[in-house]
Amino acid sequence: GRGTWRWRARARAPGAWRCLGLPTATPCRAKPTQMASPQTANPDGATVPCKTHANLLKACERADTDAIARELSEYCDLNVRDHDGQTLLMVTAHRGSVGMVKQLLLHSADPNVCDGGGVDALSLAAAGCHDDMVGILLDFGAMADRPDAQGTTPLMRVAACTSNAALRTVEQLLASRANPLRKNASGETPLEIATRQGGAAPIIELIRRAAAAAAPQQQLLRRRVVLH
């Protein structure tokens, strides 16, 4: 159940829960990851994923759970990025493979690794309106309100969804303290993005209520900053 996932996430990354959804979250910037051998280097110095990583990627593409379990028994850094800058977790999150995401997280895949543009697995899952996957990633310590290099948060990605099916995803992000008042690099909030792009009416209304509830607190915080 969800409680089991939450307990495992806390046991695995106790510090992550203190920073979930903080308004002061900074944009994700790709960091170099260590890689298990065997490994090689490109002429530009970039690390090439090991054989196990490549096999896992193929197994994830086929949704082959037996092959994934077999490959996960081999020593390999699951957080290494491929030539597109994505980890296995990002690839499976983008494709909506809930079972694969669970397996990778249980084997220490980091949900907060991002690509060169600052996009992480949670952003990809939110963009695809994969509510089950969003919940699992949050339980394993994914940061709910971290913007990418363009200032786009997971909430902004799902805000413009035209399907009511995305409502649960929005609810989970807001419950994890995603900031409905945060602005992206273009100065737009999630509500403004949803309205401009014709998001589903229930989603717009939910974000509108969340923004109205958060506004007084944000104004209070701004006053305190000015006073100090």
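- For the pair T92 (side chain) and L88 (backbone), a donor-acceptor distance under 3.5 Å is present.
- With values rounded to the nearest 0.5 angstrom, H94 atom NE2 is found 12.5 Å from S123 atom OG.
- When atom types are taken as modelled, the side chain of R182 and the backbone of L155 share no donor-acceptor pair closer than 3.5 angstrom.
- Put simply, the side chain of P147 does not reach to within 4.5 Å of the side chain of T152, judged on heavy atoms.
- The CE atom of M90 lies 11.5 Å from the CG atom of L122; values are rounded to the nearest 0.5 Å.
- Shortest non-hydrogen contact noted between L206 and L174 is CG-CD1, 3.9 Å.
- Only one option out of V119, L124, I193 pairs with R157 in a side chain to side chain contact (heavy atoms under 4.5 Å, CB included); it is V119.
- Contact detail for V113 and T87: the closest heavy-atom pair is CG1-CG2, 3.7 Å.
- Between A121 and L89 the shortest heavy-atom distance is CB-CG, 3.9 Å.
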### Message
The test is side chain to side chain contact (heavy atoms under 4.5 Å, CB included); show your working for L105 and L137 and say whether it passes.
### Response
CA-CA 8 Å; L105 289 168; L137 288 165; 4.0 Å; yes

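- Note: I203 CD1 to R208 CZ = 13.0 Å, rounded to the nearest 0.5 Å.
- Using a 4.5 Å heavy-atom cutoff, the side chains of N179 and T153 are not in contact.
- Distance alone, capped at 3.5 Å, is enough to place a donor-acceptor pair between the N79 side chain and the D110 backbone.
- Checking side-chain atoms of S176 against main-chain N and O of L173 turns up no donor-acceptor pair under 3.5 Å.
- By the salt bridge (charged side-chain N to carboxylate O under 4.0 Å, His left out) test, R209 pairs with E205, sequence neighbours left out.
- Note that CD of E188 and CE of M156 are 8.5 Å apart. Values are rounded to the nearest 0.5 Å.
- Heavy-atom minimum distance, I204 versus G199: CD1-O, 3.4 Å.
- Taking both residues in full, the closest heavy atoms of Q197 and A160 are given as OE1-CB, 3.1 Å, listed atom of the first, atom of the second, then distance.
- Counting only distance, with no hydrogens or angles, the side chain of N184 and the backbone of S186 share a donor-acceptor pair below 3.5 Å.
- Nearest heavy atom pair, residue V158 against residue A166, reads CG2-CB, 3.7 Å.
- A side-chain donor-acceptor contact under 3.5 Å links T189 to the backbone of E192.
- N112 contributes a side-chain N or O that, together with a main-chain N or O of G141, makes up a donor-acceptor pair within less than 3.5 Å.
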